[in-house]
Amino acid sequence: MDNADSGEQPAKNRVIADMFNRMADILEFQGEGPFKVNAYRKAARVIKDLQENIESLGQANQLKSIPGVGAGLAKKIDEFLRTERMSKYEEIVQSVPTGLIDLLGIHNLGPKTLALAHERLGIQDLNGLKRAIDDGRLANLPGMGEKKAENILKGIELREKGAGRIPLGQALALVEDMIHRLRKLPSVGRIYPAGSIRRMQETVGDIDILIETEEGETIVKAFTSLPQVTRVLSSGKTKGSVLVEGDIQIDVRAIDRDSYGSALQYFTGSQAHNIRLRGIAKQKGMKISEYGIFRREEKIGGGTEEEIYEALGMPWIPPELREDRGEVEAALEGNLPELVDLVDINGDLHVHTRWSDGEATIDEMAQKAITLGYSFIAICDHSRSAAYAGGLTHERLEEQLDEIHALNEGMENFRILTGSEVDIRSDGSLDFPDELLSRLDIVIAAIHSGFKQNVTQRLIAAAQNPLVTIIAHPTGRLINQREGYDVDLERVMQACSDTGTAMEINACGERLDLNDIHTRHAKEAGIRLAIGTDAHHSEDLASMRLGIGVARRGWLEKKHVMNCRTTEELLKMKTKGTDFKYGDS
DNA sequence: GCCGTTTTCGGCCCGACTGTTTTCAGTCG
C-alpha cells in the first residue's frame, strides 16, 4: 500500500479509503463496469485527502457532503463508523482468494489477464503465477503469447527488486543534471520536467522530461546514449525511455512547438486534475488531449498551458495545486491562493552547526545563508538529552550565545538568531530551564525519543509553554523508513492554534513534516507555519525549496509563513498570542 | 456508484502502445 504521499491522516479516513480501493480492485477483477469501479476509487482518493475526521462528518450526518460519496457509499461508511464492520466489504473480500488481488500491482498484469489466469489455470498467488509463466501455460492462453508472459515476468522482477518511489530531493537533483545535459543539444527549445516532480510531490515514481524540438529522433537518440543510462527500455521518434543507476526510469518526450503547452499540462497531471478539466471541456463542447484543446475539429490552443486553462474560463493553476483538491473550483471562482515562493523567503528557521551534530561552523552557515539572499538564520542545535547528537549542555549553550553575539557585531543587514532545538522529555518537560530559553530568539521544541510515550500530551504541553516558538517535525515520520509518532495531530493542532505556537514544515528531504495535507489543515486552523531545513551542512540550506514545495501544495501564501517576515517582526513574535493573526505584520 | 445551467436517466477523459490479431483487447499514463 502506498501511503507515502499523504502521511498519517485521521485513522478511520485512511482505513475507509483503503477498503474502498480494495473493493475497487476486486470489483474490477470481477468484471464490474469501469464507472462503478472508478466511483469507489474516486471516493477513496477524496477520503484519503480529506481535512476533516470522517467520524465527525458521520456524527454530523454530513457524509454525503464528501464529493464522490452518494447514498450508497455513505451508507457503507456509516455502517463502518457505527459497527467497525462493513458487510459489503467483507462479502466482496471473501469472494476472492487472499493474495490474488495483490497481483494486480504487477506491471503489465491487469484485471482481465488476472481473471483469465485465475479461471483457466487456477492461479491463486504469486508462486502459482510464476510457475504458469515458467512452464508456458500462461503464454498458451487465448489472446496471450510469449511476449506478454515475458513482460509480466519483467513486472514481477521489478516489484521484487523493490524499485519504488524515490524522494523528491533525489529526483530533482537527477532531473536537473539530465536537463543540463539535454539543453546543450541542438534544436532544443523549452525543456521542463513534468509529472509528480513538477507538482513537487514528496516521492516520485518515474521521471518525465518534455523537450520542445523539431528533431525528435535525434534528441531521443542523444538522450538514450547519455553516460548515466544503464539500460534503454525503448527508443522511438517521439519518446525514449531509459533506466539510470538505481533502476530509476526516465522518459523523454519530443514535442512540437504548437503542442508543447498541452503536452506539459497533460503529463504534469495529476490524473484526477486532468479528468476534472476534461469533464469541464466536454460540457463546453471542447476536447483536451496532449496535442491541444479543440472545439469540434478546430484547435483553439496548446502552445502554452495558459491557453488551455484560459479556454476553460480559468486562470493558469500552479502545478503544486493540481490534485483535484478544490483548485479547479477555486480557479473558476477566481479564488486561487497567491502561493508563497522561494523568493519570498527571508531566512531559515532551523539549522545545526558543529556545536552539536552539524558539520559547519556558525559563520559558515551564516555566510552560505547570505549568498542565498537571506537576512536571518536561526541556529538551533540540539539540547543535552539528545546525547547521540552531541546535544549542548546549559554551559555550552551559554558559550554558543557569546559566539553568536560576537559574530552579529560584524554583520550588516544580516542577523544570526539564537535558538535551540530543545528536546521534549518523556514527562513533557523541556530540556532547558525557562530562564535560559527566555534569552533565546527562537525556541523549537522537538521529540527525539519515546515515540510511543504520551506523544500527544507532550507536544501539547510544549505548545502551552509560552517560551516555545515552534513545534518541530510534528509527526516524526521518515519517508519510506519510519511511521510517525503515535500522535493525535488534531489535538496538537488545536493546542497550537489556541496558544499561537507555530508548526514546522521540516524541509529535510527525508522528513517533509508536516506534509502537504497537514500543512493545509494547519493553515485552515489559523496556525502559523515555519519552514526549517534542519540543515547539518551548508549545502543542506538548499532544501528550502522542498519545504516551499510542501507549503505550496498546502495552499500557503506569504502571510502564513514565518520565514517571510522581517527579522524585526520575527523577534516581536517571541511573545506568543499577541500578534498572532495572519493579517498583522 | 455518482451526479445534474444541456440530464433524476444516461452519461461518466483521452490517446498511445503492445501484442495479438486480420479489426481489436488490454494496459498504461
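Here is the naming used below: chain letters follow the sequence lines, and residue numbers restart at 1 for every chain.
A distance of about 40 Å separates the C1' atoms of B/dC17 and B/dT8, rounded to the whole Å. With both ends at atom C1', the span from B/dT20 to B/dC24 equals 9 Å, rounded to whole Å. Distance noted for atom C1' between B/dG26 and B/dT21: 13 Å (whole Å). A distance of about 32 Å separates the C1' atoms of B/dT18 and B/dG1, rounded to the whole Å.
Between A/Leu556 and A/Ile548, the closest side-chain pair of non-hydrogen atoms is not below 4.5 Å.
The nucleotide B/dG10 finds its pairing partner in B/dC3, both defining distances of the Watson-Crick or G-U wobble pair being shorter than 3.5 Å.
There is no side-chain donor-acceptor pair under 3.5 Å between A/His180 and A/Asp177.
Relative ring orientation between A/His273 and A/Tyr309 is described as tilted, the plane-to-plane angle lying within the 30° to 60° band.
Remark: A/Ala331 engages A/Met314, A/Pro315, A/Ile317, A/Leu336 in a side chain to side chain contact (heavy atoms under 4.5 Å, CB included) (not counting sequence neighbours).
The OH-C1' distance, from A/Tyr89 to B/dG1, rounds to 18 Å in whole Å.
At a threshold of 4.0 angstrom between heavy atoms, the contacts of A/Ile288 are confined to the sugar-phosphate backbone, with no base atom among them. Residue-level contact check: A/Lys88 touches neither bases nor backbone, having no heavy atom under 4.0 Å from any strand.
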Pull out every protein N or O sitting under 3.5 Å from an N or O of nucleotides 2-8 of chain B, one pair per line with the distance.
{"from": "B/dC2", "atom 1": "OP1", "to": "A/Gly70", "atom 2": "N", "distance (Å)": "2.5"}
{"from": "B/dC2", "atom 1": "OP1", "to": "A/Gly70", "atom 2": "O", "distance (Å)": "3.1"}
{"from": "B/dC2", "atom 1": "OP1", "to": "A/Leu73", "atom 2": "N", "distance (Å)": "3.1"}
{"from": "B/dC2", "atom 1": "OP2", "to": "A/Gly72", "atom 2": "N", "distance (Å)": "3.3"}
{"from": "B/dC3", "atom 1": "OP1", "to": "A/Gly68", "atom 2": "N", "distance (Å)": "2.8"}

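Between A/Lys287 and B/dG15 there is a side-chain polar atom (N or O) within less than 4.0 angstrom of OP1 or OP2.
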Reading nucleotides 17-29 of chain B 5' to 3', which nucleotides get B (base under 4.0 Å from a protein heavy atom), which S (sugar-phosphate only), which -? --SS-----SSSB
